[in-house]
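As the structure is a prediction and not an experimental result, all values here were calculated from the model. Lettering follows sequence order; numbering is per chain, from 1. In what follows, every heavy atom counts, from backbone to side chain, and hydrogens, waters and symmetry copies are set aside.
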Number of protein chains: 2
Amino acid sequence: MSDNFAIRTSWLAGELASAVGVSTDTLRHYERKGVLPRPSRTANGYRRYPEGSLERVLLVRRALSVGFTLDQLAAILRERDNGGAPCRQVRELAGAKLLDVEEQLKALTAMKDELAGLVAEWDRLLAETPMDEPAGLLHGMSLETRSTKNGSAKLPLSQMSRKRKSQK
Amino acid sequence: MSDNFAIRTSWLAGELASAVGVSTDTLRHYERKGVLPRPSRTANGYRRYPEGSLERVLLVRRALSVGFTLDQLAAILRERDNGGAPCRQVRELAGAKLLDVEEQLKALTAMKDELAGLVAEWDRLLAETPMDEPAGLLHGMSLETRSTKNGSAKLPLSQMSRKRKSQK
DNA sequence: CTAAACTATGGAATCGATTCCAGTGTCAAG
DNA sequence: CTTGACACTGGAATCGATTCCATAGTTTAG
């Protein structure tokens, strides 16, 4: 096999896709949305993704996983790509996102602890509960539905409040 | 106001909805999806949610916030409602969710660094660049860190890959 | 020459939670 | 009786990321 990914200096769509674990459709979508620069083409019209593409796509994936939107990401990455100073709005966006991420980090850490504790507790209960007993595991979920004003993307807890469409 | 929620023994749709902070549409949706048992009706056809409904809905909200899906939840709760002990399933799902959370934490940390670096770099650039270019890119980009507006909320990075419809 | 395995394209479909819509019924107050 | 605030219904829309589709050109192996 020639899937010597690490040493690649350019990628064909399928190679890059399988290297990062997404579909070529997804790569094409990213390109459409502007988070991936349009790659040059080989003689036959195939995309030839440049060297750093793997890292780039992984970056996008990370960003998405923490709640970025492709559009937001596109704005930021485009600015970054042309190297110069970003316009204020994009700088603001990045700053807001940074705060957001930091907040998520806290919330998620708390969540991890709670969840871990919960699971541990459950395992204890399950061990001593006959299989026919309710044991009501879900009732033990002590996660507060604190209406955290909201603000973070993937943090379910914060997103759970109301969000009016017209109210903004 | 008669929002004497705590002492209610039965609820009208709107009452319950505002008590838990969701819309009646959402309650109806939950019913459709099977996470809320279909309530009895008053003479005029209005839903009369039974006593424990507030807790039930809060439970659903909590579970959603931890990453459960309405469908997963429906399966579990239906089981439980007619006497079963779905605890093992719950334990399993929670365990999976915990793994997701841990992975998410990694992504968040990486993202924080990435973003912080970028912002720092930009601020450096901005500081030494005369503001000659307004550069009003970003047409309608809301600075609002608009969280998961809805739907497709948190994609656990682990299962962010492709998901076959038929292959489950 | 042909089949398999790539590549390409634009547009449509899918998924999940929630919301919106339009039409209708019910009830209490004025 | 009318008005307003509720309630009811099924279905459609929304949003974002991803996938699927149908169609078509290229390359490589047999």
Side-chain angles (χ1 to χ4, degrees), chain A residues 2 11-18 20-36 38-39 41-49 57 60-61 63-74 153-154 156 159-167, chain B residues 2 11-18 20-36 38-49 57 60-61 63-65 67-74 142 144 146-157 159-168:
Chain A
S2 58
W11 310 76
L12 231 31
E15 299 170 339
L16 179 57
S18 79
V20 292
V22 303
S23 68
T24 58
D25 271 328
T26 297
L27 290 184
R28 218 157 53 81
H29 183 55
Y30 287 175
E31 186 181 329
R32 286 196 268 214
K33 297 294 276 185
V35 301
L36 291 185
R38 281 169 298 143
R41 303 301 184 104
T42 65
N44 51 29
Y46 290 7
R47 271 166 257 257
R48 191 177 49 212
Y49 291 96
V57 180
V60 170
R61 298 296 282 176
L64 284 177
S65 88
V66 302
F68 279 82
T69 264
L70 281 180
D71 286 333
Q72 297 174 331
L73 210 42
K154 75 175 318 44
Q159 118 204 18
M160 301 290 280
S161 304
R162 69 264 163 254
K163 59 261 185 127
R164 260 287 147 294
K165 173 251 296 277
S166 48
Q167 142 178 103
Chain B
S2 59
W11 311 76
L12 230 31
E15 298 170 339
L16 180 57
S18 80
V20 293
V22 303
S23 68
T24 58
D25 270 328
T26 298
L27 290 184
R28 219 156 54 79
H29 183 55
Y30 287 174
E31 187 181 328
R32 286 195 268 215
K33 297 294 274 183
V35 300
L36 291 185
R38 282 168 296 143
S40 60
R41 303 302 183 102
T42 65
N44 50 32
Y46 289 7
R47 270 167 259 259
R48 191 177 47 213
Y49 291 96
V57 179
V60 170
R61 298 298 281 176
L64 284 177
S65 84
F68 285 88
T69 260
L70 282 180
D71 286 334
Q72 296 174 329
L73 215 41
S142 62
E144 193 173 2
R146 55 182 321 147
S147 58
T148 314
K149 180 57 179 263
N150 85 15
S152 68
K154 57 273 142 178
L155 45 187
L157 191 55
Q159 49 202 238
M160 273 179 72
S161 301
R162 65 256 162 271
K163 61 278 188 89
R164 258 290 146 299
K165 178 234 315 260
S166 46
Q167 143 182 103
K168 177 58 181 307

Q: Between dA8(C) and Arg48(A), is there an OP1 or OP2 to side-chain N/O distance shorter than 4.0 Å?
A: no

Q: For dT18(C), does either OP1 or OP2 sit under 4.0 Å from a side-chain N or O belonging to Arg61(B)?
A: yes

Q: Can you confirm whether Arg38(A) is buried at CZ, in the sense that more than 12 heavy atoms of other residues, nucleotides or ligands lie under 6.0 Å from that atom?
A: no

Q: Nearest 0.5 Å please: distance from the CG atom of Leu27(A) over to the OH atom of Tyr49(A).
A: 4.5 Å

Q: Rounded to whole Å, how long is the line connecting atom CH2 of Trp11(A) with atom P of dC6(C)?
A: 16 Å

Q: Once you round it to whole Å, what is the distance between C1' of dT19(C) and CD of Glu31(B)?
A: 17 Å

Q: OP1 or OP2 of dT7(C) versus the side-chain N and O atoms of Thr42(A): is any pair under 4.0 Å?
A: no

Q: The side chain of Leu70(A) is closest to which nucleotide in this list: dA17(C), dA17(D), dA8(C)?
A: dA17(D)

Q: Return the value, rounded to whole Å, for the distance between atom NE2 of His29(A) and atom P of dT14(C).
A: 17 Å

Q: Within this structure, what is the CZ-to-C1' distance between Arg28(A) and dA8(C), rounded to whole angstrom?
A: 8 Å

Q: What is the distance, rounded to the nearest whole Å, between atom CD of Glu15(B) and atom P of dA5(D)?
A: 17 Å

Q: Could you check how far CG of Asp71(B) sits from P of dA17(C), rounded to whole Å?
A: 7 Å

Q: So does Thr24(A) get a side-chain nitrogen or oxygen closer than 4.0 Å to the phosphate oxygens (OP1/OP2) of dT7(C)?
A: no

Q: Look at Ser23(A) and dT19(D) and indicate whether a side-chain polar atom (N or O) is within less than 4.0 Å of OP1 or OP2.
A: yes

Q: With rounding to the nearest 0.5 Å, note down the distance linking NZ in Lys33(B) to OG1 in Thr26(B).
A: 13.0 Å

Q: Which nucleotide wins on minimum distance to the side chain of Lys33(A), given the candidates dG11(D), dA17(D), dG10(C)?
A: dA17(D)

Q: According to side-chain hydrogen bond (donor to acceptor under 3.5 Å, both in side chains), who are the partners of Thr24(B), at least two apart in sequence or on a separate chain?
A: none

Q: How many angstroms lie between NE2 in His29(A) and CG in Leu36(A), if you round to the nearest 0.5 Å?
A: 10.5 Å

Q: With Thr42(B), which residues qualify under side-chain hydrogen bond (donor to acceptor under 3.5 Å, both in side chains), at least two apart?
A: Asn44(B)

Q: For the side chain of Arg32(A), counting heavy atoms from C-beta on, which of dC8(D), dA17(D), dT19(D) is nearest?
A: dT19(D)

Q: Starting at CG of Leu27(B) and ending at C1' of dC20(C), how long is that distance when rounded to a whole Å?
A: 16 Å

Q: What does the B/S/- profile of nucleotides 22-28 of chain D look like, 5' to 3', with a 4.0 Å heavy-atom cutoff to protein?
A: ---BBS-

Q: For the OG1 atom of Thr69(B) and the CG atom of Leu64(B), what is their distance to the nearest 0.5 Å?
A: 8.0 Å

Q: Distance check needed: dA13(C) P versus Asp25(A) CG, whole Å only.
A: 16 Å

Q: Of the listed nucleotides (dG16(D), dT18(C), dG10(D)), which one gets closest to any side-chain atom of Thr26(B)?
A: dT18(C)

